[in-house]
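Just follow the structure's listing: the first ligand is 1, and inside any ligand the first atom is 1.
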Amino acid sequence: MIKSLRGMNDILSEDYERYTYFIKTASDVASRYGFHFIETPLLEETALFKRSVGESSDIVGKEMYQFIDKGKNDVCLRPEGTAGVVRAFIQKKLDKAGGTHRFFYHGSMFRYERPQKGRLRQFHQFGVESFGVDSVYEDATMIMMASDILKELGIGYRLQLNSLGDNNCMPEYKNKLIKFVKEGEDSICEDCVRRLETNPIRVLDCKNERCQELYKDAPKLLNCLCESCEKDFTTLQKILNENGVAYEIDTNLVRGLDYYSKTAFEFVSDNIGSQSAIAGGGRYDRLVEFLDGRPTPAVGFAMGIERLMELIVMPESLKDGYYIGAIDEKAINLVLQLAQRKRKTDKVTVEYKAKNFKNHIKGANKVDAKYFCIVGSNEIVNGTIVVKNLENKTEQIIKQKEF
Ligand code: HAM
């Protein structure tokens, strides 16, 4: 039997309901915040991710589904959504047009990671990206939008917050950190030795206990911010405080993608095991320029839908629509005719196999139909239909013409 690839799941039945409920809720919230839908291709030039997510990141270094296509192009399945949206933004010349542009998207992302609970090779993200707003109020708004989505879904969270500084203060901090880590280089793990060469601040994120013990005394990013980054970070906290959004500051939160500056944040859940990050994002003011666009400030986040699906509190399912069935073979054609008419305005589920009343009722309950309709030889002769309201249990016999 052929099975799906490791780390790649089907979404159907109850999962599908959760998935669509999530997409609808998140899209509604994003629309209320003035964001518009964007869809970008699943396959992009590999160079796009190398230049944006960064060659030193695990995502680009180890996890890409990369191949040469029949036209000898080096391509890969997108590991995340931001790079493609930025590419589309520049390709459509929206960077040159100026102004504010706000997008949301959802779909599959691919990372060749070691699969485990909450960690897949094909997973789904819901993401938002805002271009053109050089104000920390936009960062706060993004965080509040993510918080609103989670609240509407009944999901509790902890919000972790950091500032990664900018071009003014980050290089100086990096030098301080490198100097500190090099002093204890003999005891750090191989990954950290590599990180020192490629992207030193990622050492702060190392899961190795010995490394973490050493880095406890490392210089803190938040103590090295320049005046403007410091001011923005203070304002961000003030806005969140005033709007009742609780957060924890984590000066070691560096994110796994290289394009961030200033605000970085992650939403985590304590109820889904070790893969606890349910959303992450931040400001990326230099990425548009990196990809050859006109410098444009930007900020965004993405949520991991599979991780959220475990946490969503679904609303009580409400009965809706019609179920139409026949009690004898002769009436099957009538089932189709009535269904087609009703489908112009309502949701209709049909059963094309003649069954007794009890079995049809079971079928109607399974699809949560509100109205249960049944026809047989008598109804053909009389031009009637039996309609039972499964919510208040009343029953009517009405003319088919009036159905
Ligand atoms: P990210 O933190 O790499 O950020 O991914 C966002 C979310 O996707 C994570 O918090 C997690 O819930 C989910 N996720 C990541 N990898 C997996 C996996 N292997 N299996 C299941 N879920 C996963 C980004 O991708 C950035 N593009 C976010 C962003 C948008 N920053 C600015 N704009």
Is E310 salt-bridged to R307, cutoff N-O under 4.0 Å?
no
Among A279, S52, G304, closest by heavy atom to atom 10 (O) of ligand 1 is A279
With a 3.5 Å distance limit and no angle check, can you tell me whether E197 reaches the backbone of V193 through a side-chain donor-acceptor pair? no
At under 4.0 Å between heavy atoms, what of F301 touches ligand 1? The answer is backbone
Here the gap from E395 atom CD to L390 atom CG, rounded to the nearest 0.5 Å, amounts to 10.0 Å
Residue, atom and distance of the protein heavy atom nearest atom 21 (C) of ligand 1 read G118 O, 3.4 Å
Under 4.0 Å from one or more heavy atoms of G281, ligand 1 contributes atoms 31 (N)
Closest to atom 4 (O) of ligand 1 among protein heavy atoms sits R255 NH2, 3.0 Å
For atom 3 (O) of ligand 1, the closest protein heavy atom turns out to be R111 NH2, 2.9 Å
Query - Side-chain ion pair, E190 and R194, N-O less than 4.0 Å - result: no
| message | Donor-acceptor check, side chain of D328 to backbone of S377, threshold 3.5 angstrom: yes or no? | response | yes
Would a distance-only check, ignoring hydrogens and angles, find a side-chain to backbone donor-acceptor pair under 3.5 Å from E45 to D74?
no
If we number the atoms of ligand 1 from 1 as shown, the ones under 4.0 Å from a heavy atom of A277 are 10 (O), 11 (C), 12 (O)
Counting from 1 in the order shown, the ligand 1 atoms closer than 4.0 Å to a non-hydrogen atom of I278 are 10 (O), 12 (O)
Ligand 1 atoms nearer than 4.0 angstrom to some heavy atom of T82 are 26 (C), 27 (N), 29 (C), 30 (C), 31 (N), 32 (C), 33 (N)
Note: ligand 1 atoms sitting under 4.0 Å from heavy atoms of E80 are 25 (O), 26 (C), 27 (N)
Inset, instruction - Answer yes when E14 and R18 have at least one side-chain N-carboxylate O distance shorter than 4.0 Å, and no when they do not. - result: yes
Rounded to the nearest 0.5 angstrom, the CG-CG distance for D320 and D346 is 8.0 Å
Atoms of ligand 1 under 4.0 Å from any heavy atom of E129, numbered from 1 in the order shown, are 30 (C), 32 (C), 33 (N)
Closest to atom 28 (C) of ligand 1 by heavy-atom distance, out of G81, G84, G280, is G280
Logged contact type for R121 with ligand 1, heavy-atom cut-off 4.0 Å, is neither
The answer for which part of L257 has a heavy atom under 4.0 Å from ligand 1 is side chain
The atoms of ligand 1 lying under 4.0 Å from a heavy atom of A302, numbered in the order shown, are 6 (C), 7 (C), 28 (C), 29 (C), 30 (C)
From the list F37, F301, F35, ring-ring contact (aromatic ring centres under 6.0 Å, His included) with F104 holds only for F37
Side chain to side chain donor-acceptor pair (under 3.5 Å) with Q340: of R343, K344, Q337, only one passes, and it is R343
Checking heavy atoms under 4.0 Å, the part of Q125 that sits near ligand 1 is side chain
closest protein heavy atom to atom 31 (N) of ligand 1 is Y260 OH, 2.6 Å
Going by an N to O cut-off under 4.0 Å, is there a salt bridge joining D28 and R32?
-> no
The answer for which part of Y259 has a heavy atom under 4.0 Å from ligand 1 is side chain
Any heavy atom of F267 closer to ligand 1 than 4.0 angstrom? no
Checklist entry - Would D285 and K262 pass as an ion pair if we require N to O under 4.0 Å? => result no
Checking heavy atoms under 4.0 Å, the part of R119 that sits near ligand 1 is both
inquiry  = Looking at I143, is its backbone amide N or carbonyl O close enough to the side chain of S147 to form a donor-acceptor pair, meaning the two atoms are under 3.5 Å apart?
reply    = no
**Prompt:** So, does R307 sit close enough to ligand 1 that a heavy atom of it is under 4.0 Å from the ligand?
**Reply:** yes
Atoms of ligand 1 under 4.0 Å from any heavy atom of E113, numbered from 1 in the order shown, are 16 (N), 18 (C), 19 (N)
**Prompt:** Does a salt bridge link K347 with D368, judged by any charged N lying under 4.0 Å from a carboxylate O?
**Reply:** no
Atom 18 (C) of ligand 1 sits nearest the protein heavy atom F123 CD2, 3.5 Å
Atom 20 (N) of ligand 1: closest protein heavy atom, distance to 0.1 Å, is L120 N, 3.0 Å
